[in-house]
Visitor: 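First the structure, then my questions, so here it is.
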Protein chains: 4
Amino acid sequence: MGTQGAEAPEHTPQSASGQDPRKRPRRRGEALNAAIFEAVLAELEEVGYARLTMEGVAERARTGKASLYRRWPNRGRLVMDAVYHVLPQYVDPPDTGGLRGDLLELFRSTARLLEGPAGEAMRGVLGEVLHDDETARQIRSASRGTGVAQIRQVAERAVDRGEISSKALTPRRLEAGQAVMRHHFLFLGTPIPDHVGEEIVDEVVLPLLTTPPGG
Amino acid sequence: MGTQGAEAPEHTPQSASGQDPRKRPRRRGEALNAAIFEAVLAELEEVGYARLTMEGVAERARTGKASLYRRWPNRGRLVMDAVYHVLPQYVDPPDTGGLRGDLLELFRSTARLLEGPAGEAMRGVLGEVLHDDETARQIRSASRGTGVAQIRQVAERAVDRGEISSKALTPRRLEAGQAVMRHHFLFLGTPIPDHVGEEIVDEVVLPLLTTPPGG
Amino acid sequence: MGTQGAEAPEHTPQSASGQDPRKRPRRRGEALNAAIFEAVLAELEEVGYARLTMEGVAERARTGKASLYRRWPNRGRLVMDAVYHVLPQYVDPPDTGGLRGDLLELFRSTARLLEGPAGEAMRGVLGEVLHDDETARQIRSASRGTGVAQIRQVAERAVDRGEISSKALTPRRLEAGQAVMRHHFLFLGTPIPDHVGEEIVDEVVLPLLTTPPGG
Amino acid sequence: MGTQGAEAPEHTPQSASGQDPRKRPRRRGEALNAAIFEAVLAELEEVGYARLTMEGVAERARTGKASLYRRWPNRGRLVMDAVYHVLPQYVDPPDTGGLRGDLLELFRSTARLLEGPAGEAMRGVLGEVLHDDETARQIRSASRGTGVAQIRQVAERAVDRGEISSKALTPRRLEAGQAVMRHHFLFLGTPIPDHVGEEIVDEVVLPLLTTPPGG
DNA sequence: CTCTAAACGAGACGGTACGTCCAGTCTTCGG
DNA sequence: CCGAAGACTGGACGTACCGTCTCGTTTAGAG
């Protein structure tokens, strides 16, 4: 998932500050950014998006609110940045040698993703951010990116292997699987049972990809 | 000592409100409920869910906050109740004589619904109520209700007419159309272009309903 | 709708929390005012006017900042009200039977006043409040009141006794003693040595009152 | 004044900074000091002492806050230094040939002084620096200097001319005039009407100087 | 048709968080 | 090395709402 790499160095200042609150060298730039992201993710996990506050994040990151507002205009943007920072920016979907295997793997990893801070953030951010054009654009492109691109890649691999026809790959069909999974997550919450991903693959995605368009 | 001067007005408005032009007879019970719902919907439309406040609703409904909290435990429940109150509690889906026509009509009306207060409310409520079991259950059942039941009904009509096989009607397939539409709404916002509904019907729902299961 | 029935239990936890540290019955009106004044005076004494904060006062009075701002528009007004509240609103100056004795007593009590919260407040408020017309007017009248009226009263007694002529009682002369004492306080601080008051009486006030005007 | 010189550069760096942000030759030592003093006085005049901030001064002087704190420990000291810098360090009081004329001239100039930045600074500084011993000492000596020394000088001239007796020149009497004027300024603000100075001379200072001490 | 208990309206109350401003310190870099 | 620039930690500001509470005032409905 990529989260592990970012956290290791960030524990050091905390244990250090335990011994001597005054010795802590003042962080700036990337170092401070990283500490803030870590704090956001921890708050997301502990109290959830709805009860995450700028003050809580600032205190946890041992900084001031001004340093947050210098970087992000509001809570939504801060949380989005924090989440995208630990998200795999783009990971090539696994190649199991067959379309169904690829899809199963893909939806399993999506389900796992939604169970972490990314899911919590997505649910909260949706509600307050779409009215802000700038942020809306960002969330759209990010959503497109992680959502559709990977499906498209495994589908194109299947086309290359001759498993399916390229004619079925319309945008609406490619996004259908992600839509069903996110819909399940948003309305029914976590954890998402394993069989749900399997059902989505077998009853929705595979039928759509193997059926000629205009069917 | 200027404090006395400041306190006198605290009492004045009260005695004044006895004589003031506030002839409005005091509402209670259902009449008050209705006024509150109306206020909630107006606020939803004007400022959106994120900036809707209990104080704003109370003022708009010309009542006190206590009257709100006497009825609903929090903002989410109030908004949900207000929205469900104006929603067609359950409408038999239109019968155009053919599956495709029924579906087109159904998704068109869903799109229109999402463009109103129901959509605004849905987006906002998702983020804060899933942690509250009581409200979560309510939103789930409501979502199931409006979401899947109507699709199931038109699908079953099509089965009766012999258009499709009943074997295709798995839960996951029945919800796919709604999921894609809501996904579009949540991530891309309103208004939802007409062609989107049509694409969902032709590229997702119809193929799924006309394809044998395990396909 | 069933919403009404659900709320009764929501009041129970509050009455249950009556056992909690929430025992304190909520204060309002004069009771709260008094608690706030007490807190202001304590803060004045402990940290001085310059480091007195609205937050500190609120916390000490165990109330919220909003309750302060509901009553006073700024720190200066709050402190002035608090001080005037504990000040002897108007005390007839002591009557020792002779002009010099009266004056000595008067300036002794003024010195003592300045050593308390009133002095601390006066020093601080002067700097920030004269630009605010409303407050400026208040401080002027208060200053006039406590400053000149008492001197005038003892002087008029002396006139009645035939000690001095009424012609010497010009405004400028009546305020001179207070001016010198306040000047000493403002520029040299507290405590004001006893001999200073005596010198003011003997070298400034008495000569002025016993000299014919235009002298 | 030298204020005009400061405004031209305010525009130059902006247009210049588009092409070359480094045009301004770096000031140091006295040149920087002077720019800072100029900025302080301008801020005093524009926003008053209470709303004068170190950041505002730094920005106006086009330097950083560190350069201020390197030179002065706090706002009070900075303002005092700035004001004393433009004040006539010590001016021999005018010699009109008679005591009354000298005094009138003296109080007129004091009134004018108080209407400028010196008055604004005095009012503000009083409230915050008396707790700081270092600054307190400075303000006392400065106050003594400008306050009493000039009066003493014109009084001694009058003694030499035989107008008054040297016995009347006690410290308390010498400071009385200044005290009344400053008291008027501090509590009633500016501008100080001309007749006030005249009254102080005729009703307070002259009577005191022409009356034998022991009243 | 009173009388009374409940509901209402208004808004104060004790708090939490907001987003901003500024203090005073520290870091980085240019000259 | 020093000065310019400005980011940093931190505290307080004044505002907006929260959810609770208290206070009169209606207004049903029971007697």
Side-chain angles (χ1 to χ4, degrees), chain A residues 21-22 24-29 31-32 51-59 61-71 73-75, chain B residues 10-11 13-15 17-18 22 24-29 31-32 51-56 58-59 61-71 73-75, chain C residues 4 10-11 13-15 17 22 24-29 31-32 51-56 58-59 61-71 73-75, chain D residues 21-22 24-29 32 51-56 58-59 61-71 73-75:
Chain A
R22 206 145 318 302
R24 183 162 36 87
R26 198 176 276 185
R27 304 150 301 175
R28 16 191 320 151
L32 182 52
R51 287 206 291 271
L52 177 149
T53 68
M54 297 301 259
E55 285 196 339
V57 170
E59 187 179 5
R62 308 193 136 270
T63 182
K65 284 192 287 180
S67 292
L68 302 184
Y69 285 107
R70 210 176 289 125
R71 292 169 162 77
N74 55 53
R75 193 170 69 136
Chain B
E10 286 182 20
H11 305 303
Q14 298 201 347
S15 40
S17 74
R22 208 107 8 289
R24 180 167 36 85
R26 194 175 281 184
R27 305 147 300 174
R28 39 200 301 161
L32 182 51
R51 288 206 291 268
L52 176 148
T53 69
M54 298 299 260
E55 286 195 340
E59 188 180 5
R62 305 196 134 272
T63 182
K65 285 191 288 179
S67 294
L68 302 184
Y69 285 106
R70 213 175 286 127
R71 292 168 163 78
N74 55 52
R75 191 171 69 137
Chain C
Q4 297 82 347
E10 286 168 24
H11 300 305
Q14 270 90 48
S15 31
S17 77
R22 297 268 163 286
R24 189 164 25 86
R26 202 176 275 187
R27 302 151 304 176
R28 352 181 356 135
L32 182 51
R51 287 206 291 270
L52 177 149
T53 69
M54 298 299 261
E55 285 197 341
E59 188 179 5
R62 307 196 132 271
T63 182
K65 283 192 287 180
S67 292
L68 302 184
Y69 285 107
R70 215 176 284 127
R71 292 168 163 77
N74 54 51
R75 193 172 66 135
Chain D
R22 213 141 309 304
R24 183 159 32 81
R26 188 175 290 182
R27 302 152 303 177
R28 39 201 304 165
L32 182 51
R51 288 208 290 269
L52 176 148
T53 67
M54 298 299 260
E55 285 197 340
E59 187 181 6
R62 308 200 138 268
T63 181
K65 285 192 287 181
S67 296
L68 302 183
Y69 284 105
R70 211 175 291 124
R71 293 167 164 80
N74 54 52
R75 191 170 69 136

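Residue numbers begin at 1 in each chain, while the letters A, B, ... track the order of the sequences.
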Visitor: Can you name the atoms? Protein N/O to nucleotides 19-22 of chain E N/O, anything below 3.5 Å, with the distance.
Guide:
from   : atom 1 : to    : atom 2 : distance (Å)
E/dG19 : OP2    : A/Y69 : OH     : 2.1
E/dG19 : O5'    : A/Y69 : OH     : 3.2
E/dG19 : N7     : A/K65 : NZ     : 2.9
E/dG19 : O6     : A/K65 : NZ     : 2.7

Visitor: Please give me the minimum heavy-atom distance between D/A58 and D/G64, naming the atom from each residue.
Guide: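 Taking D/A58 first and D/G64 second, the nearest heavy atoms are CB-C, 3.9 Å.
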Visitor: Considering all heavy atoms of both residues, which atom of A/M54 and which atom of A/K65 are nearest to each other, and what is their separation?
Guide: O-CG, 4.4 Å
Visitor: Kindly calculate the angle separating the two end axes of the helix from E/dC1-F/dG31 to E/dG31-F/dC1, each obtained from five base pairs, and round it to 10 degrees.
Guide: 10°
Visitor: Tell me whether the OP1 or OP2 atom of E/dG9 has a side-chain N or O from B/T63 closer than 4.0 Å.
Guide: yes
Visitor: Would you call C/R27 and C/T63 a side-chain contact if the rule is heavy atoms closer than 4.5 Å?
Guide: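 Sidechains of C/T63 and C/R27: in contact.
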Visitor: Within the 4.0 Å heavy-atom criterion, would you say D/G56 contacts the bases, only the backbone, or no part of the nucleic acid?
Guide: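 If one applies the 4.0 Å heavy-atom cut-off, D/G56 turns out to touch nothing in the nucleic acid.
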Visitor: Identify, between B/R27 and C/L32, the residue whose nearest nucleotide on DNA chain E lies closer to the 5' end.
Guide: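 In this pair, the answer is B/R27.
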Visitor: Rounded off to whole Å, could you give me the CD-to-P distance for the A/E59 and E/dC18 pair?
Guide: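 In whole Å, E/dC18 P and A/E59 CD are 12 Å from each other.
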Visitor: Remember a base hit wins even if backbone is also touched, and classify A/S67 as base, sugar-phosphate or nothing at under 4.0 Å, heavy atoms.
Guide: base
Visitor: Does the side chain of D/R62 get closer than 4.0 angstrom to OP1 or OP2 of F/dG6 through an N or O atom?
Guide: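 Looking at the OP1 and OP2 atoms of F/dG6, neither is under 4.0 Å from any side-chain N or O of D/R62.
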Visitor: Go through the structure and list residues passing salt bridge (charged side-chain N to carboxylate O under 4.0 Å, His left out) with D/R75, not counting sequence neighbours.
Guide: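 Testing D/R75 for salt bridge (charged side-chain N to carboxylate O under 4.0 Å, His left out), a comparison that skips the adjacent residues, returns D/E128.
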Visitor: Could you state the atom-to-atom distance from CG of B/L68 to P of E/dG11 in whole Å?
Guide: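 To the nearest whole Å, that distance equals 15 Å.
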Visitor: Would you say a side-chain N or O of B/R26 is under 4.0 Å from OP1 or OP2 of F/dT26?
Guide: yes
Visitor: Among residues at least two apart in sequence or on other chains, which ones pass salt bridge (charged side-chain N to carboxylate O under 4.0 Å, His left out) with A/E59?
Guide: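 For A/E59, no residue satisfies salt bridge (charged side-chain N to carboxylate O under 4.0 Å, His left out) once neighbours in sequence are set aside.
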Visitor: Which residues pass the side-chain contact (heavy atoms from CB on, under 4.5 Å) test with A/R70, not counting sequence neighbours?
Guide: A/A66, A/S67
Visitor: Quick one: side-chain hydrogen bond (donor to acceptor under 3.5 Å, both in side chains) partners of B/R28, sequence neighbours excluded?
Guide: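 B/R28 satisfies side-chain hydrogen bond (donor to acceptor under 3.5 Å, both in side chains) with no residue once adjacent residues are dropped.
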Visitor: Let's go through A/L32 and A/R71 carefully: what are the C-alpha distance in whole Å and the side-chain angles of both, what is the deciding distance for side-chain contact (heavy atoms from CB on, under 4.5 Å) to 0.1 Å, and is it a yes or a no?
Guide: CA-CA 11 Å; A/L32 182 52; A/R71 292 169 162 77; 3.5 Å; yes
